[in-house]
Amino acid sequence: MKESNGKPVGLLNEDPSPESRHIVNYLQCIGDFCRRYRNLQDENTRSRENFAKIVLQPYLGTVPARTTLERCEQGSAATNWGIVASYIYEMGAFPDLIRVLSQGQAPTLRIMQLIQKQQKDALSESKHRATSSLNGSDEKERLVRALRK
């Protein structure tokens with residue numbers, strides 16, 4: 001079934017008002033985050049063409065067209081999931097996305113494995129910061145004692 005403008009009837013083909021809690025607005029918001037992320041890259045990487053070559057090609061095996069990135073950054077529902085997933089992965093947002101999506105559900109083995117690795121890395125980094133902080137404060141105390149003598 002098609003509307004008079006030739007588009008199939010469906011929520012993803014609607015043109016909602018910008019303030020409504022509509023799926024199209026959420027997709028456009030995600031697209032905007034992708035665009036902002038790309039624009040935060042260094043000047044040699046931030047163009048759509050270079051971002052596609054440098055950042056996205058390793059994920060996809062081919063260089064996506066600039067128009068493909070443009071559709072993704074506009075929040076088009078027709079965007080390839082691999083493009084969106086590559087942006088999300090580059091932004092480091094998958095752990096948070098998985099945590100939000102899995103709320104109230106028992107974690108699967110796959111989620112546990114991903115979280116365990118993330119937590120192990122976070123714990124190791126935290127331990128390193130704490131050790132550095134302690135070592136730094138011990139050295140400061142030694143310097144203060146030496147100056148007092």
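Just so it is clear, the structure is predicted and the values come from calculations on it, not from any experiment. Below, each value reflects all heavy atoms present in this structure, side chains not excepted, and no hydrogens, waters or symmetry copies.
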Under 4.5 Å between side-chain heavy atoms, counting indirect links through other Ile/Leu/Val/Met/Phe/Trp/Tyr residues: same cluster for [X] and [Y] or not?
X    : Y   : value
L101 : I88 : yes
L60  : F94 : yes
V84  : L97 : yes

Less than 4.0 Å between a side-chain N and a carboxylate O, is that true for E70 and R66?
->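 No.
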
Of the non-hydrogen atoms in [X] and [Y], which two are nearest, and what is the gap between them?
X   : Y   : result
M91 : C34 : CE-SG, 4.0 Å
V55 : E90 : CG1-CG, 3.4 Å
T45 : I54 : OG1-CD1, 4.0 Å
S17 : N25 : O-ND2, 2.9 Å

Begin from the C-alpha positions of L12 and L27 and carry the test side-chain contact (heavy atoms from CB on, under 4.5 Å) through to its verdict.
-> CA-CA 9 Å; L12 293 173; L27 287 175; 3.7 Å; yes

Kindly say whether C72 contributes a backbone atom to a donor-acceptor pair with the side chain of Y87 at under 3.5 angstrom?
->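 Absent.
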
Hey, is the main chain of T79 close enough, under 3.5 Å, to the side chain of R71 for a donor-acceptor pair?
->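 No; zero donor-acceptor contacts below 3.5 Å.
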
Side-chain heavy atoms of [X] within contact of [Y], under 4.5 Å:
X   : Y   : answer
S86 : I83 : no
T62 : Q57 : no
H22 : E14 : yes
V24 : D15 : no

Roughly how far, to the nearest 0.5 Å, is [atom2] of [Y] from [atom1] of [X]?
X   : Y   : atom1 : atom2 : value
Q28 : Q74 : CD    : CD    : 8.5 Å
R48 : L56 : CZ    : CG    : 12.0 Å
F51 : Q41 : CZ    : CD    : 5.5 Å

What residues, two or more places apart in sequence or in another chain, satisfy salt bridge (Lys or Arg N to Asp or Glu O under 4.0 Å) together with D32?
->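 With neighbours one apart ignored, the set is R35, R36.
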
For I98, look at atom CD1 and say whether over 12 heavy atoms of other residues, nucleotides or ligands are found less than 6.0 Å away.
->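 Atom CD1 in I98 is packed in, count exceeds 12.
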
Reference residue Y89; test ring pair (Phe, Tyr, Trp, His ring centres under 6.0 Å); the match among W81, Y37, Y59 =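 With Y89 as partner, ring pair (Phe, Tyr, Trp, His ring centres under 6.0 Å) holds for just one option, Y59.
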
